[in-house]
Amino acid sequence: FFFGPHASYAKVTKMMNATNATCDPGMILPLFEQTWAPWSRITLYALGLGWCFLGIAIISDIFMQAIEVITSEKRNVTMIIDGKEHQYQVKVWNA
């Protein structure tokens, strides 16, 4: 549905109720989900959501480590200060 930027909450709710859009029981978890106590469903959904976020966090961490390895290069730079040679290591980004 596209309601536009000026649609009110009451108008949207009225149109949604007019379509009688309901989900079948157990559509997400087909194990007699509707007969479970609400606290058990909340706990299960919270654990599932946490599991998904944990997986995304692990994959993101591995990806960021790979990016750091790719972009972290060090180069030796020789500078002459007061007639003496000094060697420094500098980080080069995106070399």
Side-chain angles (χ1 to χ4, degrees):
F1 296 165
F2 179 75
F3 297 104
H6 303 291
S8 67
Y9 177 75
K11 181 179 176 184
V12 172
T13 306
K14 183 177 179 182
M15 289 184 74
M16 293 297 284
N17 288 338
T19 61
N20 292 326
T22 57
C23 296
D24 294 331
M27 186 172 167
I28 297 173
L29 289 175
L31 304 171
F32 309 107
E33 177 188 1
Q34 299 299 322
T35 60
W36 297 353
W39 61 268
S40 62
R41 285 190 285 174
I42 290 170
T43 304
L44 187 63
Y45 285 132
L47 288 173
L49 186 63
W51 184 263
C52 290
F53 281 131
L54 181 65
I56 291 171
I58 291 170
I59 291 170
S60 298
D61 190 41
I62 293 169
F63 179 73
M64 288 308 296
Q65 286 176 358
I67 293 293
E68 286 176 9
V69 168
I70 291 169
T71 60
S72 67
E73 182 180 321
K74 293 181 181 176
R75 188 172 289 167
N76 290 328
V77 176
T78 304
M79 297 180 71
I80 300 175
I81 301 173
D82 295 331
K84 295 181 183 178
E85 284 189 6
H86 295 278
Q87 294 243 342
Y88 297 103
Q89 269 194 346
V90 293
K91 290 184 180 179
V92 179
W93 182 81
N94 204 11

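What you see below is based on every heavy atom in this structure, not just the backbone, and it leaves out hydrogens, waters and symmetry mates.
- No path of Ile, Leu, Val, Met, Phe, Trp and Tyr side chains, each step under 4.5 Å between heavy atoms, connects Ile56 with Tyr45, placing them in separate hydrophobic clusters.
- With sequence neighbours left out, the side-chain hydrogen bond (donor to acceptor under 3.5 Å, both in side chains) criterion links Gln87 to Thr78.
- Other members of the hydrophobic cluster containing Ile67, listed by chain and number, are Phe63, Met64; membership follows side-chain contacts under 4.5 Å among ILVMFWY residues, whether direct or relayed.
- In Gln89, the CD atom is crowded: over 12 heavy atoms of neighbouring residues, nucleotides or ligands sit closer than 6.0 Å.
- For Leu49, the side chain to side chain contact (heavy atoms under 4.5 Å, CB included) partners two or more places apart in sequence, or in a different chain, are Phe53.
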